[in-house]
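Here's the structure, in structure tokens; my notes come after.
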Amino acid sequence: MKALPMFQLNGVGKSYGMTAALAPLSLTIEQGETIALVGPSGAGKTTLLNILAGLIKPDTGQVKIEGYPPAALPPGPKRSRKVGIMHQQFDLIEQLPVIHNVLAGRLGEWSFFRSLFSLLVPQDVQLARAALSRVGIADKIHLRTSRLSGGEKQRVALARLSVQDPKAFLADEPVSSLDPVRAEDLLVMLTRLAIEENKTLVASLHSPELALRYFSRIIALRNGNIYFDRSASQINSEELAGLYILEKEAIDVESAASGKA
Ligand SMILES: Nc1ncnc2c1ncn2[C@@H]1O[C@H](COP(=O)(O)OP(=O)(O)OP(=O)(O)O)[C@@H](O)[C@H]1O
Ligand SMILES: [Mg+2]
């Protein structure tokens, strides 16, 4: 029997006042796909990721997360096993040691009491250490999080996501604050983790090159609409360049093409 799609969106739209953040759109994301969401600033990438995570309720349409409407997955264990999201600002508690931030990935599942005292249980330390090893910073486990570099914090956020162990990883611009080498390094880790553990991965990125290199499907948004949605192997560089062309230039190009310039 075929697995249910990880995400199914049908006529999903979202506006903020007069701004249409997302025009009604429909798409299906199968389990195990690795998808890069690309598009200019304001295209609707963060809005779409938050809708997939069940954090924003769309104004129109239906969302299904592995067959469940988001309302059937209230924050807590059921939702945290399905979707986990890395926000752009990582959402780490700076004053706490790294290990606390990593184990916070289990907050959805553990009782508050257990979370509070989790450090007393050796297997939890093991769990955190293993997750930090996978992202190459096991030696930082007891450091105060505020003492880490931006790149290391991003790795802690990734370790937390792996401890949460949801079926789908969502990441909003996971490499935006990193230099090119570290950005690539983090994407290698993120995509390897997703592929090895058969996760669905949807990440927004500002680099079309990295999107093409590390993801199998590219969904491009522009003004809240799907501009294209295709396998990475079927996208050429002109299409990607067209995605980022500014509105005025786009009008000029179109009118020149139709002989009206
Ligand atoms: N909370 C909000 N209140 C009002 N408008 C919003 C809100 N969130 C998003 N928008 C608007 O919705 C549109 C889509 O925003 P969104 O953050 O999804 O874009 P994005 O593709 O993630 O952009 P960026 O690449 O800059 O992060 C933008 O026009 C934005 O100004
Ligand atoms: Mg955004």
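- Put simply, OG on S231 and CG on L212 are 9.5 Å apart, with the number rounded to the nearest 0.5 Å.
- Side chain of Q31 to backbone of L4: a donor-acceptor contact under 3.5 angstrom is found.
- In this structure, S15 and A20 approach most closely via the heavy-atom pair OG-CA, 3.7 Å.
- Side-chain contact between R134 and R192 is absent, with no heavy-atom pair separated by less than 4.5 Å.
- Atoms NZ and CD1, from K57 and I51 in turn, are 10.5 Å apart once rounded to the nearest 0.5 Å.
- Two different hydrophobic clusters hold L37 and I235 under the rule that ILVMFWY side chains link at heavy-atom gaps under 4.5 Å.
- Expressed to the nearest 0.5 Å, how far OG1 of T46 lies from CD of Q88 amounts to 6.5 Å.
- The shortest heavy-atom contact between P174 and L186 is O-CD2, 3.6 Å.
- With hydrogens and angles left out, the side-chain atoms of Y227 and E239 include no donor and acceptor closer than 3.5 Å.
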How far apart are the C-alpha atoms of V156 and V102, what are their side-chain angles, what is the distance that settles it, and do they pass the side-chain contact (heavy atoms from CB on, under 4.5 Å) test? CA-CA 6 Å; V156 174; V102 174; 4.0 Å; yes

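- When all heavy atoms of G13 and T60 are compared, the pair lying nearest together is N-OG1, 3.1 Å.
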Could you check T200 against K167 for side-chain contact (heavy atoms from CB on, under 4.5 Å), going step by step and ending with a plain yes or no? CA-CA 6 Å; T200 308; K167 280 194 139 183; 5.8 Å; no

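- A donor-acceptor contact shorter than 3.5 Å links the side chain of D179 to the backbone of V181.
- Q95 has its side chain within reach of R144: a pair of non-hydrogen atoms, C-beta onward, lies under 4.5 Å apart.
- When hydrophobic clusters are built by joining Ile, Leu, Val, Met, Phe, Trp and Tyr residues whose side-chain heavy atoms come closer than 4.5 Å, directly or via intermediates, I99 is grouped together with L132.
- Put simply, the side chain of M189 does not reach to within 4.5 Å of the side chain of L193, judged on heavy atoms.
- At least one side-chain heavy atom of K199 sits under 4.5 Å from a side-chain heavy atom of D165.
- Using a 4.5 Å heavy-atom cutoff, the side chains of L205 and F215 are in contact.
- Linking ILVMFWY side-chain heavy atoms closer than 4.5 Å, directly or via other members, places I35 and F228 in two distinct hydrophobic clusters.
- In this structure, S133 contributes its side chain and A138 its backbone to no donor-acceptor pair below 3.5 Å.
- Listed here is the closest heavy atom pair of K82 and L73: CG-CD1, 4.2 Å.
- The number of heavy atoms from other shown groups lying within 6.0 Å of CZ (R182) does not exceed 12.
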Let me see the working for L48 and L9 under side-chain contact (heavy atoms from CB on, under 4.5 Å), right down to the final yes or no. CA-CA 10 Å; L48 178 56; L9 270 54; 3.5 Å; yes

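- Within 6.0 Å of the CZ atom in R147, the count of heavy atoms belonging to other residues, nucleotides or ligands does not exceed 12.
- R79 has its side chain within reach of L55: a pair of non-hydrogen atoms, C-beta onward, lies under 4.5 Å apart.
- Panel note: side chain T34, backbone S216; a donor-acceptor pair is recorded below 3.5 Å.
- The line from OG of S162 to CG of L127 is 7.5 Å long, rounded to the nearest 0.5 Å.
- Side-chain contact check for D124 versus R106: every heavy-atom pair is 4.5 Å or farther apart.
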Just do the side-chain contact (heavy atoms from CB on, under 4.5 Å) check on E184 and R213 with the steps written out, would you? CA-CA 10 Å; E184 194 135 1; R213 201 170 311 150; 2.5 Å; yes

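- Applying the 6.0 Å contact sphere to CG of L96 captures more than 12 heavy atoms from other residues, nucleotides or ligands.
- Considering every non-hydrogen atom in both L52 and F7, the closest pair reads O-CE2, 3.3 Å.
- Between L221 and A43 the shortest heavy-atom distance is O-CB, 3.4 Å.
- With rounding to the nearest 0.5 angstrom, the CD1 atom of I29 is 10.5 Å from the CD atom of Q8.
- Transitive grouping of hydrophobic side chains (ILVMFWY, heavy atoms separated by less than 4.5 Å) keeps L170 and L158 in distinct clusters.
- Under the 4.5 Å side-chain heavy-atom criterion for Ile, Leu, Val, Met, Phe, Trp and Tyr, L178 and V98 are members of the same hydrophobic cluster.
- Listed by first and then second residue, the salt bridge (charged side-chain N to carboxylate O under 4.0 Å, His left out) pairs that reach into residues 29-48 are K2-E30, E33-R217, sequence neighbours excluded.
- Separation of atoms CG (D185) and CG (L190) is listed at 12.0 Å; rounding is to 0.5 Å.
- Listed for the Q62 side chain is no donor-acceptor partner under 3.5 Å among the backbone atoms of P69.
- S204 places a side-chain N or O within 3.5 Å of a backbone atom of E173 that can act as its donor or acceptor partner.
- The side-chain heavy atoms of N50 and H87, taken from C-beta on, include a pair separated by under 4.5 Å.
- Using modelled atom types, one side-chain atom of N101 and one backbone atom of I93 make a donor-acceptor pair closer than 3.5 Å.
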